[in-house]
Amino acid sequence: MLFMRGLGPRWVSAPAAGGKNRFGGGVEPLTWAEFSLYQSPSRLYLQGLEVKEDFLSLRSSPSSLLCALRLYRLAAKEAPLDCENDMLLRILWSAMLQLKEKSPPYTVEFRFTWRLLNLMGIAPTFDLCVVCGASLAGGGVFTEEGILCKSCGAQSKLPACSSEELSLLRAAAALPHEKFILWSAGRDEKEFFLKNIRTLSPYFRNMR
């Protein structure tokens, strides 16, 4: 599968890709390249390629490599085949660069997941209660349906997020690319972001 600018994900046949591979590492996962393609009456074929970035450096960090593969799997699962989706391709590229710059994997994964949901129009806001619209300045309760203010979430069995925790989530999701890399450097909040990635995951089911 190639995720192509202007075309979206497409399945492409790569003749002689097994054994002695004439495409080299260009058909390896995590490879970004310019591809030459041929459309026959029945299928799309790979003719050649020029590798632009292989992200091989991620292999020195198992946690970053596993994160990258999870992001690719999520993008492949949620992006419709044969539909242009350049915004998703851009946030995937941005996430890969952040991992290469050694941003913490689970912080990158939370950011990517929220931004993908935002593209789909179903990401939770960190500013207003999803039920009553009240400000979340004092914190709230992060649920699978959205973030509730403390009043609306009073009956929830889920732990409340403090205003500081919501600020962390807001920064991870919304900071521009370069500022995110600087902000995330040296941070160690793996369990916090892992917990919130799990809270975001059901949002994809809600869309269906």
Side-chain angles (χ1 to χ4, degrees), residues 30 55 57-75 77-78 87-88 90-131 134-154 156-207:
L30 312 187
F55 291 103
S57 61
L58 296 185
R59 298 183 183 185
S60 65
S61 170
S63 59
S64 294
L65 179 60
L66 286 172
C67 176
L69 294 175
R70 289 194 298 270
L71 302 190
Y72 272 59
R73 182 175 61 185
L74 182 58
K77 180 179 178 181
E78 299 299 334
M87 285 299 294
L88 173 52
R90 280 195 282 273
I91 65 171
L92 181 60
W93 171 252
S94 178
M96 294 297 293
L97 292 179
Q98 289 155 9
L99 290 173
K100 187 176 181 180
E101 292 293 328
K102 304 188 185 309
S103 292
Y106 284 105
T107 311
V108 173
E109 186 169 353
F110 174 85
R111 176 184 174 89
F112 177 84
T113 305
W114 186 90
R115 291 196 158 205
L116 175 53
L117 289 168
N118 195 45
L119 284 180
M120 300 166 72
I122 55 174
T125 174
F126 301 115
D127 299 313
L128 301 174
C129 174
V130 71
V131 173
S135 170
L136 296 173
V141 181
F142 198 171
T143 75
E144 294 180 3
E145 287 74 40
I147 303 179
L148 311 177
C149 66
K150 289 184 177 179
S151 176
C152 292
S156 173
K157 296 180 181 179
L158 295 171
C161 281
S162 67
S163 58
E164 291 78 12
E165 289 173 324
L166 287 182
S167 293
L168 277 179
L169 297 178
R170 189 181 297 112
L175 282 174
H177 174 80
E178 294 294 341
K179 289 185 178 180
F180 171 79
I181 291 174
L182 293 173
W183 172 83
S184 65
R187 304 189 72 96
D188 184 20
E189 288 128 351
K190 172 182 174 179
E191 294 304 321
F192 174 73
F193 283 106
L194 178 57
K195 175 186 70 175
N196 287 290
I197 291 167
R198 290 169 177 160
T199 304
L200 284 179
S201 295
Y203 281 63
F204 294 104
R205 291 200 305 269
N206 295 342
M207 187 67 176

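L175 and R115 get closest at one heavy-atom pair: O-NH2, 3.4 Å. Considering every non-hydrogen atom in both S57 and K100, the closest pair reads OG-CG, 3.9 Å. Across every non-hydrogen atom of F126 and A173, the tightest pair is CE1-CB, 3.9 Å. A pairwise comparison of heavy atoms in R198 and P202 identifies O-CD, 3.2 Å as the closest pair. Annotation for S103 and V108: closest pair CB-CG2, 3.6 Å, computed over non-hydrogen atoms. For the residue pair A68 and L30, the shortest heavy atom distance occurs at CB-CD2, 4.2 Å.
Using modelled atom types, one side-chain atom of W114 and one backbone atom of P124 make a donor-acceptor pair closer than 3.5 Å. Between the Y203 side chain and the G146 main chain, a donor and an acceptor come within less than 3.5 Å of each other. For the pair S61 (side chain) and L58 (backbone), a donor-acceptor distance under 3.5 Å is absent.
With sequence neighbours excluded, no residue forms a salt bridge (Lys or Arg N to Asp or Glu O under 4.0 Å) with R90. Checked against salt bridge (Lys or Arg N to Asp or Glu O under 4.0 Å), E189 has the following partners two or more places apart in sequence or in another chain: R187.
Note that CD1 of I147 and SG of C152 are 13.0 Å apart. Values are rounded to the nearest 0.5 Å. To the nearest 0.5 Å, atom CD of residue Q98 and atom OG1 of residue T107 are 10.0 Å apart. The CZ atom of F142 lies 10.0 Å from the NZ atom of K195; values are rounded to the nearest 0.5 Å. Going from atom CG of L136 over to atom OG1 of T125 covers 7.0 Å, rounded to the nearest 0.5 Å. Atom CG of residue N118 and atom CZ of residue F112 lie 12.5 Å apart, to the nearest 0.5 angstrom. Once rounded to the nearest 0.5 Å, the distance linking CG of L99 with CZ of F55 reads 8.5 Å.
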Steps toward side-chain contact (heavy atoms from CB on, under 4.5 Å) verdict (E164, L168) | CA-CA 6 Å; E164 291 78 12; L168 277 179; over 6 Å; no
Verify side-chain contact (heavy atoms from CB on, under 4.5 Å) between T143 and V130, making sure each step is shown before the conclusion.
-> CA-CA 10 Å; T143 75; V130 71; 5.6 Å; no
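Residues L116 and L92 are not in side-chain contact: their nearest non-hydrogen atoms beyond the backbone lie 4.5 Å or more apart. Proximity of L169 to L166: side-chain heavy atoms (C-beta onward) are separated by under 4.5 Å at one or more points. Annotation: side chain of F110 is not in contact with side chain of L194 (no heavy-atom distance under 4.5 Å). Taking the side chain as every heavy atom from C-beta outward, E109 and F193 never approach each other to under 4.5 Å. Side-chain contact between R70 and L66 is present, with at least one heavy-atom pair separated by less than 4.5 Å. H177 places none of its side-chain heavy atoms less than 4.5 Å from the side chain of W93.
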